[in-house]
Amino acid sequence: MNIELSKKLLDQLIKLSGSVSDKLDRQITLMEVCGTHTTAISKSGLRGLLSPYMELLSGPGCPVCVTDQTDIDRMLAFARLPGVVIASFGDMIRVPGTHASLEVERARGARIEICYSPHEALSYAVQHIDKEIVFLGVGFETTAPAVALSVMEAKALGIINYSVLSVHKLVPPAMKVLLADPELNVDGFILPGHVSVITGRKVFDFIASEYGIPAVIAGFEPIDIMEAISLLLKQIVDKKAETINGYTRLVSEEGNIRAKNAIEEVFEPEDASWRGFGLIPESGLVFKKAYAGFDAAARFPVEVPYASPPEGCSCGEVLKGKIKPDQCPLFSIVCTPADPTGPCMVSSEGACAAYFNYGDE
């Protein structure tokens, strides 16, 4: 990172923020949709440096955090099935379900393998043909293509002991629910760079064209985020609303066609439950009939009752930008990274973890 350029940009941004705040005679509120942005903003100190002029709220951009409590319980039920090995990204391991976590189930004897990619889980399945390997398909448009490709490869190779519990989520439908919320008071959005690499810029045009709120796709370096905030402030002061691509080195208008084709080959959209949001139409991905044999939910039907979020946990309100993490009564008192109550304190992209680890100032 170019330190001198960063300092220069920060000075310019602080001056611009102050100017806009004075001109509007109020504090600006921006929401970063992506959990990685949340962490980068907290870690770099941007949130505190800009706090006199603007509030930076976290949104529903952490895939682990938005996974519904009932889906977490379903994962735990799978872990208890004889002969089943759960393969998962590391962030899911410590997320509390209603009565346990994958970490607890592993201590009780369940087979839980941490994988860095679905391909690694598929390779594990090839090496352990006497076991049923269930990969936990958690993530947004960013993760779904790799999962789809692993399923396509499994089908091509005739591998029958690999399946996926798909709890994938799609970001645009959740944004529409957020934007339709009459209590939402956001002047602009910092849109997720990773998701946009797959979806392309155009898919987010509705934010500006239908709701009149400016939005900018941002990369993940502090300098990227500062530039995105600057572009948002300029739109706000000029009373414009556009969806701008501020991450042109990786994001195109149409996105990654090959990745989108992989998703479309294996999955189709369906209504899905989000933590804090409830059921959102067409916001999840389920298996198409041609790949139904790889659907863990169909292969291993388990009875899982509806589960409410942990008592007192405000992760749902944090994900909707209704409160900041430190406004949750459990934050840092009962709920800590060492003993988390909700997923926002567990995930590396969780807003509560970012506030706890780096502070909000």
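Being a predicted model, the structure only gives us computed values, none of them experimental.
- Evaluation of the side-chain contact (heavy atoms from CB on, under 4.5 Å) rule for S44 yields L46, P222 as partners, not counting sequence neighbours.
- With respect to F189, the side chain to side chain contact (heavy atoms under 4.5 Å, CB included) criterion is satisfied by exactly one of T243, L178, I217: L178.
- In this structure, CE in M226 is found 9.0 Å from CG in L50, a value given to the nearest 0.5 Å.
- Pairs engaging residues 334-343 under the salt bridge (charged side-chain N to carboxylate O under 4.0 Å, His left out) rule: none recorded [sequence neighbours left out].
- For CD of E253, the number of neighbouring non-hydrogen atoms (other residues, nucleotides, ligands) closer than 6.0 Å is greater than 12.
- Here I86 is tied into one hydrophobic group with V64, I72, M75, L76, F78, L81, V84, M92, I93, V95, L102, I112, I114, V134, L136, V138, L165, V167, F300, V302, V304, V346, each link being a pair of ILVMFWY side chains closer than 4.5 Å.
- Annotation: salt bridge (charged side-chain N to carboxylate O under 4.0 Å, His left out) contacts involving residues 91-116, sequence neighbours excluded, comprise R80-E105, R94-E103, E105-R108, R111-E113.
- Between R74 and D71, the closest side-chain pair of non-hydrogen atoms falls below 4.5 Å.
- Applying the salt bridge (charged side-chain N to carboxylate O under 4.0 Å, His left out) criterion to E210, with sequence neighbours excluded, gives no partner residue.
- Taking CG of N161 as the reference point, atom CD1 of I159 lies at 7.0 Å (rounded to 0.5 Å).
- The shortest side-chain heavy-atom distance between M152 and Y291 falls under the 4.5 Å cut-off.
- Remark: P337 engages M345, F356, N357 in a side-chain contact (heavy atoms from CB on, under 4.5 Å) (not counting sequence neighbours).
- Residues passing the salt bridge (charged side-chain N to carboxylate O under 4.0 Å, His left out) test with E132, sequence neighbours excluded: R299.
- Geometrically, K155 does not engage F294 in a cation-pi contact defined by less than 6.0 Å to the ring centre and at most 45° from the axis.
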Show every donor-acceptor pair shorter than 3.5 Å between a side-chain atom in residues 141-151 and any protein atom, with sequence neighbours excluded, or say none if there are none.
unit_1	atom_1	unit_2	atom_2	d
E141	OE1	V171	N	3.4
E141	OE2	V171	N	2.9
S150	OG	V147	O	2.7
S150	OG	Y162	OH	2.8

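- Side-chain atoms of N185 and T29 include no donor-acceptor pair closer than 3.5 Å.
- The closest side-chain heavy-atom distance from K131 to I133 is below 4.5 Å.
- Under the 6.0 Å cut-off for aromatic ring centres, F220 and H37 qualify, their centroids lying closer than that.
- Taken to the nearest 0.5 Å, the CG atom of D187 stands 9.5 Å off from the CD atom of Q27.
- Not counting sequence neighbours, the partners of D205 by the salt bridge (charged side-chain N to carboxylate O under 4.0 Å, His left out) test are R201.
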Return a table of donor-acceptor pairs under 3.5 angstrom between the side chains of residues 11-25 and protein atoms on other chains or two or more places apart.
unit_1	atom_1	unit_2	atom_2	d
S17	OG	L13	O	2.7
S21	OG	R26	O	3.1

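- Listed by chain and residue number, A208, P214 satisfy the side-chain contact (heavy atoms from CB on, under 4.5 Å) test with A241 (two or more places apart in sequence, or in another chain).
- Between F135 and F89, the distance separating the two ring centers is shorter than 6.0 angstrom.
- Under the rule for a ring-ring contact (aromatic ring centres under 6.0 Å, His included), the partners of H128 that lie at least two apart in sequence or sit in another chain are Y124.
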